Amino acid sequence: MHSYFISDLHLSEQRPQVSQAFIKFLASDAAAAEQLFILGDLFEYWIGDDAASLVGAEPILQQMSRLAEQVPCHFIAGNRDFLVGEEFCKMSGFSIMPDESVIDLYGTPTLILHGDSLCIEDHEHQLFRQMIVTNEQWRDGFLALSIPERIEAAKQARMESQQHKSSISMEIMDVTESAVLDAFVSNDVRQMIHGHTHRQATHQYKLEGNGQATRHVLGDWSQTASILIADADGIKITNPPI
Ligand code: MN
């Protein structure tokens, strides 16, 4: 048996081919898995469960729900889709896990997370996380706005995020090594899986006194998919074309 991990599909109506590839993955490969984890930024933006049909998400949620009837499916929200809520869980059949959860992956305790919490040198993003992503008061206030108001706000936020990304260096947008090492130690794990940076890779670390640790990074879905397959023999990442 094996488990799948994916992230950063950034589904939107602007890239229907990615939504189609995801729907196909749910109906074929994923159906043979023991479990599926989506580690955030499945959607380019999510302005509330009540607006799912407006962003064209209904066919996607239906296919997710078909899979979830047979295979346990889990979701960790990213910085794009942190507003997923109870209705999303009902529609998709996925269960939401907290960011930075430790799971038992074929005998190896494994930290799974979206990954933006590791990018601590990106101060502007960390401020956004603190003020918005993890702030329930902000969340309630935003969800109380009308849907057109929320769409406007999301567009604004996306423009600001693009300006911000073009103004900072590539290093700052990647994880900070000290944050990675802290995460291994504070969660008492030697293995982690995350997305967010879109820099698919497997990194090895030497931990103080305690040997080796491994960080697997998922890529985004654009020309190809990025699918991590874990089983009792180990982990590999594949990139089938889209
Ligand atoms: Mn992200």
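In listed order, ligands and their atoms are each counted from 1. Fair warning: this is a prediction, and the values are worked out from it, not measured in the lab.
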Between [X] and [Y], what is the ring plane arrangement, given parallel below 30°, perpendicular above 60°, and tilted in between?
{"X": "F5", "Y": "F37", "value": "parallel"}
{"X": "H125", "Y": "F128", "value": "tilted"}
{"X": "F25", "Y": "F22", "value": "parallel"}

Under 2.8 Å from the Mn ion (ligand 1), the protein N, O or S atoms, given as residue and atom: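 As for protein N, O or S atoms lying under 2.8 Å from the Mn ion (ligand 1), they are D41 OD2, N79 OD1, H114 NE2, H196 ND1.
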Of H216, Q191, R190, the residue whose pairing with T110 passes side chain to side chain donor-acceptor pair (under 3.5 Å):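 Output: one option passes, namely Q191.
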Beyond-backbone contact of M64 with L42, side-chain heavy atoms, under 4.5 angstrom: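 They are in contact (side-chain heavy atoms under 4.5 Å apart), so the answer is yes.
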For R139, all residues meeting salt bridge (charged side-chain N to carboxylate O under 4.0 Å, His left out), sequence neighbours excluded: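 Here no residue qualifies.
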